[in-house]
Structures are given as structure tokens and as C-alpha cells.
Amino acid sequence: MSAAGALDIQKVNKSYVHEGRPKLVLSDINIHVEPGEFITVIGPSGCGKSTLLKIVAGLESKDAGTLLLSGEPITGPSQNKGVIFQEHRLFPWQTVEENIAADLSLKKSEIRRKVDSMIELVRLQGFEKAYPKQISGGMAQRVAIARTLLRNPKVLLLDEPFGALDAFTRTHMQEALLDIWHTNRTTMLLVTHDIDEAVFLSNRIVVMDAQPGRIKHILFVDLPYPRNRLRSSFQELRTLVLRALEHHLDSGKEAGWEI
Ligand SMILES: Nc1ncnc2c1ncn2[C@@H]1O[C@H](COP(=O)(O)OP(=O)(O)OP(=O)(O)O)[C@@H](O)[C@H]1O
Ligand SMILES: [Mg+2]
């Protein structure tokens, strides 16, 4: 039996039908995520990152393999798996606080207390009554994160959550996400295109390849938090990930690589 928050992805395969024929999109995906671990998945466009995340979220079926959260099979979407997409998906007709509280079946006073603590966590005090169109993209994404965290998920699944944001807001959001992770210790599985983001955030980086989507390498990021992008150790890890993505890595023979 795995500990609460552990995520096991074992021998997962997935095909889609393309031009009348099955096309293998994910091949033999194996990842064990420790409870409270921060894992980033990086790889070229079309390698199946979003498909993998949707399968883990229970939003998409798999053809083969096993998926376990806290040792229990994943059979569909549930509140113990929070999902954040690139676009925030807030209800435009609801305020920030209404969006965060949406569909919660709790007593009013309980909701107020929880919403207030979430608004504080994502630093949106003063914007409780604003509508999505009145706040920035970064703020809207923080509302989406707050709404998801309020459901107390065991694992947070993030698909390029900061992809649509400018570089400055993106850096700020990465720091905010680390704050939240340090406070809540939620297990994190984040998909990104951004090497810098992967090295800045994660305990381990899963590097994927395309056609079919498969795992090429898994890298331990052995740097203390908070990480400094200007340090040479940070730059060295960036280079290592880049080389792994560009096929220049001698698999298994370089320090830091699991496979
Ligand atoms: N619903 C679907 N039906 C058919 N094919 C699909 C479907 N969803 C994804 N695919 C195909 O599966 C492959 C993987 O897609 P996916 O969206 O998972 O890639 P990705 O790694 O997230 O790419 P990106 O970095 O561009 O977001 C692609 O070839 C895509 O065309
Ligand atoms: Mg994608």
C-alpha cells in the first residue's frame, strides 16, 4: 500500500485513431511520484504530455497499464486530483470569491473561512469582489489554483499553467506555486515546455520523446530551494535538460540521471 499522496503510473499505453488507424501516443510510461514530490514533465510538442496528464486526472482513458493514487486505482475524475489547465476556466459571471467557492457543499461560515484563507494564500486580498475580466491573467490563474486547492487535492496536476503569461508574471507565479507547495506539501505533476521552469520548480524532471511519446530520461534536481537562476549549478542543470531533449545525452552514464 502506497503512502497518501503517492502517485504510481505503471506501464501506461495509449493510442488514438489517426486517419482510420490506431496511432500509439504513449508507450510504456512508468513514473512513481513520492507523496509531496514535485515532478515536471517536459518534451516536444505532441509527445503526449497533455494526454498523460488527462489520463492521470481520470479525464481520458488508457489502453493498458495501472494508475494508483495513494495506492487506490484511478477510475475517473475526483476531488483528490486537482487539475489546472493553461487557460484558467473561471466562470465569467462569478466574482473571484464566488469562483473559488463554486459548488462547495459546506456551511456558509465554513466556506467564508476557507475562501478567505485561500485568497490569502494566493495573495488576492482586495480582489474578492472582482470579476475575471477585471483581473490580470496571472491573477485569474491564481484564482483557478485557489479554487482547486480549496478542494484539498492529494495531487495537483498542472498542464502548462503559466504558458499564456508574460515572462515577469510567469516568474512570479512560479514563486507563488512554490510557496503553496511548501505550505501544503501537495504532490505536484506539472507539464511544461520551459526548461528554466522545470529546473526552478521540481525535485525530478521527466524528459519525454515523441512518436511514440515515451520517457527518455528522469533527472534529479539536487539544488536547495529557493533556487537561484544565476548560479552555475542551475545553468549546468539547464544545459543537461537541453542536451537530453536534443538527444545529446549518453543515457544512464551521466551523473544525476535515473534512466
Ligand atoms: N482526442 C484526440 N484524438 C486524436 N488524437 C489526439 C487526441 N488528443 C491528442 N491526440 C494526439 O496525441 C498526440 C499527443 O498529444 P498531446 O496533446 O498529449 O501532446 P502534448 O505533448 O501535450 O503537446 P503540446 O506540447 O503541443 O501541448 C498528438 O499527436 C495529438 O495529435
Ligand atoms: Mg499539451
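As the structure lists them, so they are numbered: ligands from 1, and atoms in each ligand from 1.
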Chemist: Only one of Leu237, Ile42, Ile195 passes side chain to side chain contact (heavy atoms under 4.5 Å, CB included) with Ile205; say which it is.
Modeler: Ile42
Chemist: When you look for protein heavy atoms under 4.0 Å from ligand 1, which residues do they belong to?
Modeler: Tyr16, Lys23, Val25, Pro44, Ser45, Gly46, Cys47, Gly48, Lys49, Ser50, Thr51, Glu160, His193
Chemist: Salt-bridged, Arg229 to Asp196, with N to O below 4.0 Å?
Modeler: yes
Chemist: Group every Ile, Leu, Val, Met, Phe, Trp and Tyr by side-chain heavy-atom contacts under 4.5 Å, then state whether Leu223 and Leu242 land in the same group.
Modeler: yes
Chemist: Closer than 4.0 angstrom, basic N to acidic O: yes or no for Glu110 and Arg113?
Modeler: yes
Chemist: In the shown structure, where waters are left out, how many protein N, O or S atoms lie under 2.8 Å from the Mg ion (ligand 2)?
Modeler: 1
Chemist: Go through Asn80 and Ser78 one step at a time and tell me if the side chain to side chain donor-acceptor pair (under 3.5 Å) criterion holds.
Modeler: CA-CA 5 Å; Asn80 57 13; Ser78 63; 2.4 Å; yes
Chemist: Assigning hydrophobic clusters by single linkage (Ile, Leu, Val, Met, Phe, Trp, Tyr; side-chain heavy-atom cutoff under 4.5 Å), is Ile119 placed with Tyr131?
Modeler: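 Ile119 does not cluster with Tyr131.
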Chemist: Count the heavy atoms belonging to other residues, nucleotides or ligands that lie under 6.0 Å from CD of Glu175, then report whether that count exceeds 12.
Modeler: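 Yes, CD of Glu175 has more than 12 neighbouring heavy atoms, counting only those of other groups under 6.0 Å.
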Chemist: Could you walk me through whether Glu160 and Lys49 pass salt bridge (Lys or Arg N to Asp or Glu O under 4.0 Å), step by step?
Modeler: CA-CA 10 Å; Glu160 302 199 42; Lys49 304 181 295 294; 5.0 Å; no
Chemist: Salt bridge or not for Asp28 and Lys11, using N-O below 4.0 Å?
Modeler: no
